[in-house]
> 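The structure that follows is given in the form of structure tokens.
Computed from a predicted structure; not experimentally measured. Each chain gets a letter, A, B and so on, in the order the sequences are listed, and its residues count up from 1.
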Amino acid sequence: MDLRDVIEALERGCGRDEWWPSESVFEVIVGAILAQRVSWKNVQIAIANLKCAQVLDPRAIMGLDESRLQELIRPSGFYRQKARYLRTFSAYLIDRYDGDIKLMKGIRTAQLRGELLSLDGIGPETADTILLYALGHPSFVVDSYAFRLFDRLGLGLGRSYDKVKTEVEDAIGRDVRRLSLAHALVVTHCKTHCLATPLCLGCPFSGICPSEVHDG
DNA sequence: ACCCAGGTGGCCC
DNA sequence: GGGCCACATGGG
């Protein structure tokens, strides 16, 4: 079994789609930042607060008092840091792209990824989430679930973010649809099967995965 | 009272 | 390069 088998097994086993719902590209980016190390449910509350206050926009974010922004996103945790991160990204968007996300789309993936990684609060996972789900670039998102799942399947990829990312991208190709699905499937699979129940009912790996996968 | 949740940055060695 | 730590909320 290699990485391609795992990806194909995930795709056969689950019919997941529309992984990152949103009403705008900026909302996806804000969600990516707010979702750092916190449940998606908390993020949804914070996003709803921002919408209710009609500030889900880079210039509106910059027009807010720091304390007001913190108050709105408080349910998503780490709210002082994340308020700073949102302002950093908003300022970057305004300064570099005149606040117009559409102007980012002509930039090459590697260049854009470098710009994102240079921002305070944007690490590799958040950068790749923005590239893939907000901007439609072929960039696989590695998260803690991917490390755990691939480790337990004995793929021997190690814990290097960039290593796992490039291996998956080589296995899947520059296909935004499949790269998006692959990340969603890794997370949903781990949450609903391997890391949640010992029996792993309905596990798409049944028959091919070592028993360690189901240890939880 | 724990443990976990769709990370990042800073520090240390 | 890896190993800790702070950051903060909400739910089981």
> Using atom P in both nucleotides, what's the gap between C:dA8 and B:dG10 to the nearest angstrom?
14 Å
> Verify the neighbour count for atom NZ of A:K41: are there more than 12 heavy atoms of other residues, nucleotides or ligands below 6.0 Å?
no
> Under a 4.5 Å cut-off applied to non-hydrogen side-chain atoms, are A:L93 and A:F26 in contact?
yes
> Any ring-ring contact (aromatic ring centres under 6.0 Å, His included) pairs touching residues 92-129 of chain A, not counting sequence neighbours?
A:F89-A:Y92, A:Y92-A:Y97
> So which one's nearest nucleotide on DNA chain B is more toward 5', A:T129 or A:Y85?
A:T129
> Just checking, is any N or O donor in the side chain of A:D128 or A:S139 under 3.5 Å from an acceptor N or O on the other one?
yes
> Quick test: give all pairs of protein nitrogen or oxygen and nucleotides 8-12 of chain C nitrogen or oxygen below 3.5 Å, distance rounded to 0.1 Å.
| residue | atom | partner | partner atom | Å |
| --- | --- | --- | --- | --- |
| C:dA8 | OP1 | A:R80 | N | 2.9 |
| C:dA8 | OP1 | A:Q81 | N | 3.2 |
| C:dA8 | OP2 | A:R80 | NH1 | 2.7 |
| C:dA8 | O4' | A:F78 | N | 3.0 |
| C:dT9 | O2 | A:N42 | ND2 | 3.3 |
| C:dG10 | O4' | A:N42 | ND2 | 2.9 |

> Can you tell me how far the CG atom of A:D2 sits from the CD atom of A:E167, to the nearest 0.5 Å?
10.0 Å
> Of A:R113, A:R108, A:E115, which meets side-chain hydrogen bond (donor to acceptor under 3.5 Å, both in side chains) against A:Q111?
A:E115
> Indicate, with a heavy-atom threshold strictly under 4.0 Å, whether A:L34 touches base, sugar-phosphate, or nothing.
nothing
> Under the criterion side chain to side chain contact (heavy atoms under 4.5 Å, CB included), which of A:Q70, A:R74, A:E66 is the partner of A:R80?
A:Q70
> Please list, for nucleotides 10-13 of chain B, all pairs of protein and nucleotide N/O atoms separated by less than 3.5 Å.
none

